[in-house]
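Beneath this line is the structure, given in structure tokens, with notes to follow.
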Amino acid sequence: MQRSGPTRLRSSHPHVRNPVLALPSVARLQSLSPAARAELRQLLLELRGDAQVRADDCWRRHKAPMAAYWKVVSVYAGHVARVLR
């Protein structure tokens, strides 16, 4: 299947790929100790996984608004976790 119109490549700017990077509080997250960052990152990755499971479950049960909510929770938890790498 071909798309009509010019093909657009996704921006490679970090703040476009991860909008959390544009928030002023990111500097505080990045200034945490390595141990605190690792612990928080692990917690956020677990939150991301749990939210993905809930989103899938809600979608299967035809509860689209809640599926969208949990998908957003999952995406932002992943974005914040990536800030902590």
Side-chain angles (χ1 to χ4, degrees):
M1 182 167 142
Q2 287 186 331
R3 290 177 153 177
S4 59
T7 302
R8 288 194 205 175
L9 297 177
R10 192 165 170 201
S11 176
S12 61
H13 295 286
H15 68 279
V16 172
R17 296 232 179 224
N18 186 348
V20 171
L21 291 171
L23 299 174
S25 55
V26 165
R28 287 187 60 203
L29 285 171
Q30 291 174 332
S31 70
L32 293 172
S33 71
R37 287 173 64 151
E39 184 69 24
L40 182 55
R41 183 171 190 276
Q42 186 59 42
L43 182 141
L44 287 164
L45 291 174
E46 289 175 21
L47 175 67
R48 179 177 176 252
D50 291 343
Q52 285 174 332
V53 168
R54 286 178 183 253
D56 291 343
D57 182 54
C58 288
W59 188 253
R60 276 192 302 279
R61 293 188 298 134
H62 305 286
K63 300 195 180 274
M66 287 307 297
Y69 171 82
W70 287 114
K71 183 63 179 174
V72 170
V73 170
S74 169
V75 168
Y76 275 96
H79 282 321
V80 176
R82 282 185 206 94
V83 167
L84 296 167
R85 279 193 280 201

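All residue numbers in this chain count up from 1 along the given sequence.
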message: Would a single hydrophobic cluster contain both Leu23 and Leu21, if residues Ile, Leu, Val, Met, Phe, Trp and Tyr are joined by side-chain heavy-atom contacts under 4.5 Å?
response: yes
statement: Rounding to 0.5 Å, atoms CZ (Arg37) and CD (Gln30) come to a distance of 6.0 Å
Cluster link Val72 to Val83, ILVMFWY, side chain under 4.5 Å: yes
- prompt: According to a 4.5 Å side-chain heavy-atom criterion applied to Ile, Leu, Val, Met, Phe, Trp and Tyr, with indirect links allowed, do Val75 and Leu84 form part of one hydrophobic cluster?
  reply: no
task: For Pro19 and Tyr76, work out which heavy atoms get closest and say how close.
output: CG-OH, 4.1 Å
- prompt: What distance separates Asp50 CG from Leu45 CG, expressed to the nearest 0.5 Å?
  reply: 11.0 Å
field: Verdict with reasoning, Leu44 to Arg48, per side chain to side chain contact (heavy atoms under 4.5 Å, CB included)
entry: CA-CA 6 Å; Leu44 287 164; Arg48 179 177 176 252; over 6 Å; no
message: Minimum heavy-atom separation for Ala67 and Trp59, please, with both atom names.
response: CB-N, 3.7 Å
- request: Following the transitive rule for hydrophobic clusters with a side-chain heavy-atom cut-off under 4.5 Å over Ile, Leu, Val, Met, Phe, Trp and Tyr, establish whether Val53 and Val73 coincide in one cluster.
  value: no
task: Report yes or no: does Ser25 contribute a side-chain atom to a donor-acceptor pair with the main-chain N or O of Arg28 at less than 3.5 Å?
output: no
message: To the closest 0.5 Å, what do you measure between CD (Gln52) and NZ (Lys71)?
response: 5.5 Å
